[in-house]
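Read through the structure below, which is laid out as structure tokens, and then see the notes.
Below, read A as the first sequence line, B as the second, and so on, with proteins coming before strands; counting in each chain starts at 1.
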Amino acid sequence: MKKKKDFFDRVYEVVAKIPKGKVTSYGAIAEVCGIKSAARTVGWAMHGAAGNSLPCHRVVNRNGELTGKIHFGDPDLMESLLRSEGVKFDKEGRVIMDKYNWVPPKKRKKRKN
DNA sequence: AACGTGACTTATT
DNA sequence: GAATAAGCCACGT
């Protein structure tokens with residue numbers, strides 16, 4: 001039975017695997033899901049992820065800006081969470097992508113590595 | 001089925 | 001280099 005996971009489910013899996021103290025970009029997740037150009041859809045997936053205990057605060061945009069912080073209820077919550085995990089911000093309030101940018105492993109069919 | 005929206009990204013001006 | 005435009009995919013109405 002081929003349970004074709006929806007794009008959303010795929011995103012949830014990836015986001016749930018983001019290491020603590022690291023962040024990733026929507027585009028990266030979208031690419032891992034198979035659609036590189038679906039960065040926006042990844043954000044949509046987060047909407048459905050609300051209440052799924054997913055570390056959505058570890059997902060930032062390509063610039064390291066916390067674009068989704070607005071949806072946390074409190075704009076400062078996302079930054080606080082990341083700071084609590086050891087993530088540092090530059091003076092512009094962005095995540096230092098050079099150090100914290102983490103790209104999820106591509107889920108190949110039966111990837112044995 | 002179609003139009004509009006959205007937590008993005010890339011290219012062009 | 002900054003600002004604007006278009007492209008992209010999925011969901012909601």
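Applying the ring pair (Phe, Tyr, Trp, His ring centres under 6.0 Å) test to residues at least two apart or on different chains, none of the pairs has a partner in residues 78-103 of chain A. Pairs engaging residues 85-99 of chain A under the side chain to side chain donor-acceptor pair (under 3.5 Å) rule: His57(A)-Glu85(A), Arg58(A)-Glu85(A), Glu92(A)-Arg94(A) [sequence neighbours left out].
A heavy-atom distance below 4.5 Å is not found between the side chains of Cys33(A) and Val42(A). Contact annotation: the side chain of Val59(A) never approaches that of Val23(A) to less than 4.5 Å [non-hydrogen atoms, C-beta and beyond]. Residues Glu31(A) and Val103(A) fail the side-chain proximity criterion, which asks for heavy atoms closer than 4.5 Å.
Among residues two or more places apart in sequence or in another chain, the ring-ring contact (aromatic ring centres under 6.0 Å, His included) test is passed with His71(A) by His47(A).
A distance of 12.0 Å separates CZ of Phe72(A) from CD of Glu79(A), quoted to the nearest 0.5 Å. In this structure, CD1 in Ile70(A) is found 13.0 Å from CG in Leu77(A), a value given to the nearest 0.5 Å. Considering OH of Tyr12(A) and SG of Cys56(A), their distance stands at 10.0 Å, rounded to 0.5 Å. Atom CE of Met46(A) sits about 12.0 Å away from atom OG1 of Thr41(A), to the nearest 0.5 Å.
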Going 5' to 3' through nucleotides 8-13 of chain B, assign each nucleotide B (protein heavy atom under 4.0 Å from a base atom), S (under 4.0 Å only from sugar-phosphate atoms) or - (no protein heavy atom that close).
BSS---
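In the 5' to 3' direction, nucleotides of DNA chain C lying under 4.0 Å from heavy atoms of chain A begin and end at dG7(C) to dC11(C).
Contacts between residues 72-104 of chain A and DNA chain B, defined by a heavy-atom separation below 4.0 Å, involve Phe72(A), listed by number.
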